[in-house]
Amino acid sequence: MRLLLISDTHVPRRARRLPDEVMARVEEADVVIHAGDWVDTATLDLLEDRSARLLAVYGNNDGEALRARLPEVARAELGGLRFGVVHETGPAAGRERRCAERFPDLDVLVFGHSHIPWDTTAPGGLRLLNPGSPTDRRRQPHHTYMTARAADGVLTEVLLHRL
C-alpha cells in the first residue's frame, strides 16, 4: 500500500495551490493522509476527488466548514498497521511519551502543526511521523512531504521529500 503524507497545506494563504509534485503523488498513492490545517474546503474537495482514499483531520487553522466534514482524530487500518492522524501533539519535549499514552492502540501516528518534519519511535513501538508542509516551510530549509509503504503489518520506505 503506497501512502502519501502531507500536512499544513494552508491553501490559499501560504500557496495558491498544492505543488505539482505533490499532486502527482496523490494520483500514485493508495491512501493520502492529511494531518490538518487545510484552511479552505476547495483543497479538501480536490483531494477527495483525486485520492483513491483520503484519511484526514482538521487543524487549528480550519474553520467550521472543515470541522463539519473532518474529525479531530482519524483512525484506519492500512496494510495491517493501525494508523492514527491528529493535527497537534504538543511540544517536542516529551512528545513520544505523551503520544504513546494517548494512543496506546496505534502503530503509527501522523501529525502536523509544527511544519517541522519528524520521524521517531516511542517506547513501546509507536512510530511518530510529521511530513512538514509542502507549502509553508516556516523556519525549515525546504517545503516537505513524506511517502511510505505499508504491507503485512510493516511500514517501509518512509521517505522525506524536499520540494
Requested in this report: Determine, step by step, whether R50 and D45 satisfy the salt bridge (Lys or Arg N to Asp or Glu O under 4.0 Å) criterion, reporting the C-alpha distance in whole Å, the side-chain angles of both residues, the deciding distance to 0.1 Å, and the verdict.
Outcome: CA-CA 9 Å; R50 299 262 180 103; D45 294 339; over 6 Å; no
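- Nearest heavy-atom pair, L106 versus G84, reported as atom, atom and distance to 0.1 Å: CD1-CA, 3.6 Å.
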Requested in this report: Any chance you could lay out the side-chain hydrogen bond (donor to acceptor under 3.5 Å, both in side chains) test for D136 and H143, step after step, and finish with the verdict?
Outcome: CA-CA 6 Å; D136 184 10; H143 298 99; over 6 Å; no
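- The only option from V110, V57, L109 that meets the side chain to side chain contact (heavy atoms under 4.5 Å, CB included) definition with V86 turns out to be L109.
- Within a 6.0 Å radius of CG in D152, no more than 12 heavy atoms belonging to other residues, nucleotides or ligands are found.
- Counting only distance, with no hydrogens or angles, the side chain of H142 and the backbone of T144 share no donor-acceptor pair below 3.5 Å.
- The heavy-atom pair separating A35 from S7 by the smallest distance is O-OG, 3.3 Å.
- The minimum heavy-atom distance linking L4 with Y145 is given by the pair CD1-CD1, 3.5 Å.
- Comment: R138 does not engage D8 in a salt bridge, judged by the lack of any side-chain N to carboxylate O separation of less than 4.0 angstrom.
- With respect to E77 and R82, no salt bridge is recorded, no charged nitrogen being found less than 4.0 Å from a carboxylate O.
- The line from CD1 of I33 to CG of L55 is 5.5 Å long, rounded to the nearest 0.5 Å.
- In this structure a side-chain-to-backbone donor-acceptor pair under 3.5 Å is missing from D119 to L129.
- Within the 6.0 Å centre-distance limit, the rings of H10 and H115 are counted as a close aromatic pair.
- Between D62 and D37, the shortest heavy-atom contact is OD2-N, 3.0 Å.
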Query raised in the report: Would R69 and E48 satisfy salt bridge (Lys or Arg N to Asp or Glu O under 4.0 Å), going step by step from the backbone distance to the final call?
Result: CA-CA 11 Å; R69 294 173 59 185; E48 283 181 332; 2.6 Å; yes
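- Shortest non-hydrogen contact noted between V26 and L47 is CG2-CD2, 3.7 Å.
- The heavy-atom pair separating P123 from E96 by the smallest distance is CD-CB, 4.3 Å.
- Surrounding CZ of R67 are more than 12 heavy atoms belonging to other residues, nucleotides or ligands, all under 6.0 Å away.
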